[in-house]
Amino acid sequence: AERWQRLDDGRRYRLSLRPGLRFSDGSPLSVDDVLFSFDAAFDRSSVLGDALTVGGTPVRAERVDALTVDVVFPRPYGPELRVLDALPILPKHRLQSAMDRGTFGEAWSTTTPPSDIVGLGPFVLVEHQPGVKLVFDRNPHYFRTSTDGGRLPRLDRLVLQILPDQDAQLLSLQAAESDGSASEIRPADYPQMKRLADAGRVQLLRLGTSLNPDGLWVNLRADAFNGDSRKPWLQRDEVRQAISAGIDRARFADVVFSGAADPASSPVTSSNKDWSRPDAPPETFDAARAKALLASAGLVDRDGDGFVDDVGTRHARFTVLTQKGQTSLERGAGEIREQMRLIGLELDVVLLDAPALIQRFLSGANYDAVYFNLTTTDTDPASQVDFWRRDGAAHVWNLGAGTSALPWEREIDALMDRQVTSLDVNERRRLFWAVQARFDEHRPIVYFAAPHVYVAVSTRLSGLAPALTRPQLLWSADTIDVAP
């Protein structure tokens, strides 16, 4: 769209499409393609429908004329048209027949000839070797131009090699067999990449501080520890507050991220400038306070062996699950365990493969605590409502809380309901700061550090405009250029 306006009470938005746009096969774009794309998003084979639903009701599109469409929300929605970020505009002339046959989900697959797959982006797929590579050529009908009026994309061809892991990706870059990877380097690889950058062999670009700090949560489901003698203390706020106070975050950043991280104590990091809480007090390392908080939960060292006890002289102890093979998570869990020993709290760390770990905590049962990274897909909190609300699928510390939700969770629900439906951005900020204040008070997830995000690329690349979120380099693939 080249312009849009909000109508009536904030439920209807009128979008004017840019005239002259064409799909990569040369067919003109019209409102009919937009309407078809909305229909396709709610096809039974699609995974996009939830992203285009507000309060359980789908967002609708209505035709005004050939180049004008109204997008209609069931109620005012704070992020407004950001919801359309999740909607690819599909060619009706290519896919309508599959929709009519009920085979839309099978229309484009790995066996589809690349020439049958068309779109509006800067590149078109011309070759796909499963498990090996994808080859894209420039879209001759792409609409954007550079600031000086030059053609975009600048590249004639883009090849995405499929490599088994990040070790192979970095070796390929060092051998000049590739020009970079689609996502950020691992924190453990930073020292090596810094040396290569200092030697002029690669470009190492710092994009900022991650939006996604790793976090530790204890299972707060009401029935999680029924029959377990640890129930009186394990779910108490004071224990999580003690863990937070008992972590030296500067040391944590050095050990886990080789110093390439900022201390963090909130899920909303400093990089989320529009929504991070400006008056949040920093969480300072205070071992004495941590021990006092444990004592207030009934955990004291009764036998003088340096560890707090819950009943008699039995050590207070619980198990933390984390993901096997993820360096920052493995190192982070180990460092938490070591620092907790200094305040007398014993943690056991168990490594699980990602599918097993996710299945375990999504079941809401049979685990004590988890250390994991919950990826932020959007900076606007209304797009993360599943995390904040007690009925959300990403409300991992107390899944399916329902009527057993804690009082402060109900407060957050009420604040988020207002935050999501307000169209006043300043009011939305104030409401979300209040949400963060409740969260920081009770600390259902404890955060320690947010890593710096770096991408490493070949020295021959220019025109880079990487984003902080994945895939960093490909957010602006049309401006990338290479030296001859």
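In what follows, residues are counted from 1 in the order of the sequence shown.
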So which heavy atom on V83 is nearest to which on A51, and how close?
-> CG2-O, 3.0 Å
Taking every heavy atom of R144 against every heavy atom of L152, the minimum-distance pair comes out as O-CB, 3.6 Å
side-chain hydrogen bond (donor to acceptor under 3.5 Å, both in side chains) evaluation trace for D43 with S46 = CA-CA 5 Å; D43 183 81; S46 173; over 6 Å; no
Check ion pair D70-R11 (N to O, under 4.0 angstrom) | no
Cationic N near anionic O, under 4.0 Å, D33 to R94 | no
Only one of F361, W397, Y447 passes ring pair (Phe, Tyr, Trp, His ring centres under 6.0 Å) with F372, and that residue is F361
In terms of the angle between their ring planes, are W408 and H442 parallel, tilted or perpendicular, with boundaries placed at 30° and 60°?
-> parallel
Judged by modelled atom types alone, do S27 and D25 share a side-chain donor-acceptor pair under 3.5 Å?
-> yes
Side chains of D189 and Q166: donor-acceptor distance under 3.5 Å anywhere?
-> no
Please confirm whether the backbone N or O of D378 pairs with a side-chain atom of Q384, one donor and one acceptor, at under 3.5 Å?
-> yes
Strictly by modelled atom types, are E283 and S244 linked by a side-chain donor-acceptor pair under 3.5 Å?
-> yes
Using a strict cut-off of less than 4.0 Å between a Lys/Arg side-chain nitrogen and an Asp/Glu carboxylate oxygen, indicate whether R438 and E441 qualify as a salt bridge.
-> no
Of the options L84, L21, L120, L17, which is the one that meets I89 in a side-chain contact (heavy atoms from CB on, under 4.5 Å)?
-> L120
Among side-chain atoms of T376 and N212, is any donor-acceptor pair under 3.5 angstrom?
-> yes
Electrostatic pair D228-K231, nearest N-O below 4.0 angstrom = no
Residues, nucleotides or ligands: over 12 heavy atoms within 6.0 Å of E427 CD | yes
Hey, could you give me each pair passing ring-ring contact (aromatic ring centres under 6.0 Å, His included) that has a residue in residues 56-90? Not counting sequence neighbours.
-> Y13-F73, F73-Y77
If you draw a 6.0 Å radius around CZ in R429, do more than 12 non-hydrogen atoms from other residues or ligands fall strictly inside?
-> yes
Check whether the side chains of D380 and S383 place a donor and an acceptor atom closer than 3.5 Å, and report yes or no.
-> no
Check G49 against F42 and note the closest heavy-atom contact, atom names and distance.
-> O-CE2, 3.5 Å
Would you call L374 and I445 a side-chain contact if the rule is heavy atoms closer than 4.5 Å?
-> yes
Quick one: does S183's side chain have a donor or acceptor within less than 3.5 Å of a partner on R470's backbone?
-> no
State whether the number of non-hydrogen atoms from other residues, nucleotides or ligands found under 6.0 Å of N366 atom CG is greater than 12.
-> no
L158 meets the side chain to side chain contact (heavy atoms under 4.5 Å, CB included) criterion, sequence neighbours left out, with F123, F136, L155, L160, L474
Describe, in one word, how the ring planes of F387 and F439 are oriented to each other, choosing from parallel (under 30°), tilted (30 to 60°) and perpendicular (over 60°).
-> tilted
Sequence neighbours excluded, the answer for salt bridge (charged side-chain N to carboxylate O under 4.0 Å, His left out) partners of R390 is D413
